Amino acid sequence: MDHEYYMRQALALAEEAMEAGEVPVGCVIVWEGEIVGRGRNRREEDRDALAHAELQAIQEANRTLGGWRLHKARMYVTLEPCPMCAGGIINARIPEVYYGARDDKAGACGSVVNLFEERFNHKPRLVGGILEEECGALLQVFFQKIRDKRKKNS
């Protein structure tokens, strides 16, 4: 399988999130070619500030594999991880992170700051721009709908 295949799996989860009224971010974790963790944003549904796609996927991968160390995993996420999720990636020991769209407001993998370049004991390899246009377009559609709804209601 290739990077685009796994990012499309993450995009499908992002679309599910959007249908549920969540910011459309999806994530999959791959271990030896198999998806072992899936996540999508669920903050509104779960009323939980920590319910980001990446953390959901990490938790599922931990359950699937029976341990917290994801040292052979690759993460595919549609949006550049935020500081909280970057911390989760570091703590889970994920060695490779592939993301779609940059996050110029909260991205912690290069847009605002790059936590993977700091002096932590684990430094994941980072690759951005996988299906970037598709990932970014989904976010643009979501936020445009919100703006249109606000205009209509004002």
Side-chain angles (χ1 to χ4, degrees), residues 1-103 105-139 141-142:
M1 300 291 163
D2 65 6
H3 298 309
E4 287 188 9
Y5 170 81
Y6 294 119
M7 189 60 77
R8 290 198 189 286
Q9 300 301 305
L11 268 166
L13 291 163
E15 289 169 1
E16 280 182 28
M18 186 162 73
E19 289 170 14
E22 299 281 353
V23 174
V25 179
C27 180
V28 297
I29 295 180
V30 178
W31 182 280
E32 297 179 347
E34 180 182 340
I35 295 174
V36 296
R38 296 175 189 272
R40 67 171 179 80
N41 274 359
R42 295 181 182 274
R43 290 189 306 174
E44 301 299 331
E45 289 172 85
D46 293 355
R47 295 184 174 101
D48 181 354
L50 305 180
H52 284 208
E54 298 95 324
L55 299 183
Q56 301 283 307
I58 288 170
Q59 289 175 330
E60 185 174 293
N62 292 155
R63 286 190 300 271
T64 299
L65 297 169
W68 65 269
R69 288 179 187 87
L70 301 177
H71 62 283
K72 294 182 185 177
R74 287 180 291 158
M75 174 182 279
Y76 292 85
V77 61
T78 57
L79 182 64
E80 177 184 353
C82 73
M84 175 179 68
C85 294
I89 291 163
I90 290 167
N91 282 298
R93 308 297 194 268
I94 296 172
E96 297 178 27
V97 177
Y98 300 87
Y99 71 87
R102 290 174 50 91
D103 185 347
K105 295 183 180 188
C109 298
S111 290
V112 175
V113 67
N114 189 342
L115 291 180
F116 297 164
E117 291 180 351
E118 297 301 322
R119 296 180 325 145
F120 294 106
N121 62 333
H122 179 71
K123 296 184 183 306
R125 178 175 172 253
L126 183 64
V127 178
I130 310 290
L131 299 179
E132 182 175 13
E133 288 181 25
E134 291 176 53
C135 294
L138 199 59
L139 289 156
V141 166
F142 177 80

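Both backbone and side-chain heavy atoms feed into the values below; hydrogens, waters and symmetry mates do not. Because the structure is predicted, anything quoted here is derived from the model rather than measured.
A distance of 10.5 Å separates CD1 of I29 from CD1 of I35, quoted to the nearest 0.5 Å. Rounding to the nearest 0.5 Å places CE of M18 at 10.5 Å from CG of L11. Interatomic distance, CG of L50 versus CZ of R43, reported as 10.0 Å (0.5 Å rounding). Here E4 contributes atom CD and I130 contributes atom CD1; the two are 7.5 Å apart, rounded to the nearest 0.5 Å. Note that CH2 of W31 is 11.5 Å distant from OG1 of T64, once rounded to the nearest 0.5 Å.
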**Request:** Test K72 against E32 for salt bridge (charged side-chain N to carboxylate O under 4.0 Å, His left out), laying out the working first.
**Result:** CA-CA 7 Å; K72 294 182 185 177; E32 297 179 347; 3.7 Å; yes
**Message:** What verdict does the side chain to side chain contact (heavy atoms under 4.5 Å, CB included) test give for M75 and C27, after you've listed the backbone C-alpha separation in whole Å, the side-chain angles of each residue and the deciding distance to 0.1 Å?
**Reply:** CA-CA 7 Å; M75 174 182 279; C27 180; 3.5 Å; yes
**Message:** Set out, in order, the CA-CA distance, both residues' side-chain angles and the distance that settles side chain to side chain contact (heavy atoms under 4.5 Å, CB included) for K105 and V112, then state yes or no.
**Reply:** CA-CA 7 Å; K105 295 183 180 188; V112 175; 5.8 Å; no
**Request:** I would like to know whether F142 and L139 meet side chain to side chain contact (heavy atoms under 4.5 Å, CB included); could you show each step before the answer?
**Result:** CA-CA 5 Å; F142 177 80; L139 289 156; 5.6 Å; no
**Message:** Before you tell me yes or no, could you show the steps for R102 and E132 under salt bridge (charged side-chain N to carboxylate O under 4.0 Å, His left out), namely the whole-Å CA-CA distance, both residues' side-chain angles and the distance that decides it to 0.1 Å?
**Reply:** CA-CA 8 Å; R102 290 174 50 91; E132 182 175 13; 5.7 Å; no
**Request:** Please test E118 against K123 for side chain to side chain contact (heavy atoms under 4.5 Å, CB included), starting from the C-alpha separation and ending with a verdict.
**Result:** CA-CA 8 Å; E118 297 301 322; K123 296 184 183 306; 5.5 Å; no
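Aromatic ring pairs are classed by plane angle as parallel below 30°, tilted from 30° to 60° and perpendicular above 60°; the pair Y76 and Y98 is parallel.
Residue P124 comes nearest to I90 through the heavy atom pair CD-CG1, 4.4 Å, listed as atom of the first residue, atom of the second, then distance. The two residues V97 and P81 have their closest heavy-atom pair at CG1-CG, 4.4 Å. Closest approach of I89 to H122, counting heavy atoms only: O-CD2, 4.3 Å. The heavy-atom pair separating D2 from Y5 by the smallest distance is OD1-N, 2.8 Å. Residues E22 and R42 come closest through the heavy atom pair OE2-C, 3.3 Å. Residues C135 and A101 share a closest heavy-atom pair of CB-N, 3.9 Å.
Judged by distance alone, the side chain of E80 and the main-chain N or O of D103 form a donor-acceptor pair under 3.5 Å. No donor-acceptor pair under 3.5 Å is formed between the side chain of N41 and the backbone N or O of H52. At least one donor-acceptor pair under 3.5 Å links the side chain of T78 to the backbone N or O of G26. Within the 3.5 Å criterion, the main-chain N or O of A61 finds no donor-acceptor partner in the side chain of R63. For the pair D46 (side chain) and D48 (backbone), a donor-acceptor distance under 3.5 Å is absent. No donor-acceptor distance shorter than 3.5 angstrom exists from the side chain of E15 to the backbone of P24, with no hydrogens or angles considered. Distance alone, capped at 3.5 Å, is enough to place a donor-acceptor pair between the N62 side chain and the G67 backbone.
You'll find the side chain of V28 stays beyond 4.5 Å of the side chain of V36, heavy atoms only. Using a 4.5 Å heavy-atom threshold, the side chains of R74 and H3 count as touching. At a threshold of 4.5 Å between non-hydrogen side-chain atoms, the residues Q56 and R38 do not count as touching. The shortest side-chain heavy-atom distance between L55 and C85 falls under the 4.5 Å cut-off.
The one candidate from E60, E45, E54 that meets the salt bridge (charged side-chain N to carboxylate O under 4.0 Å, His left out) condition with R40 is E45.
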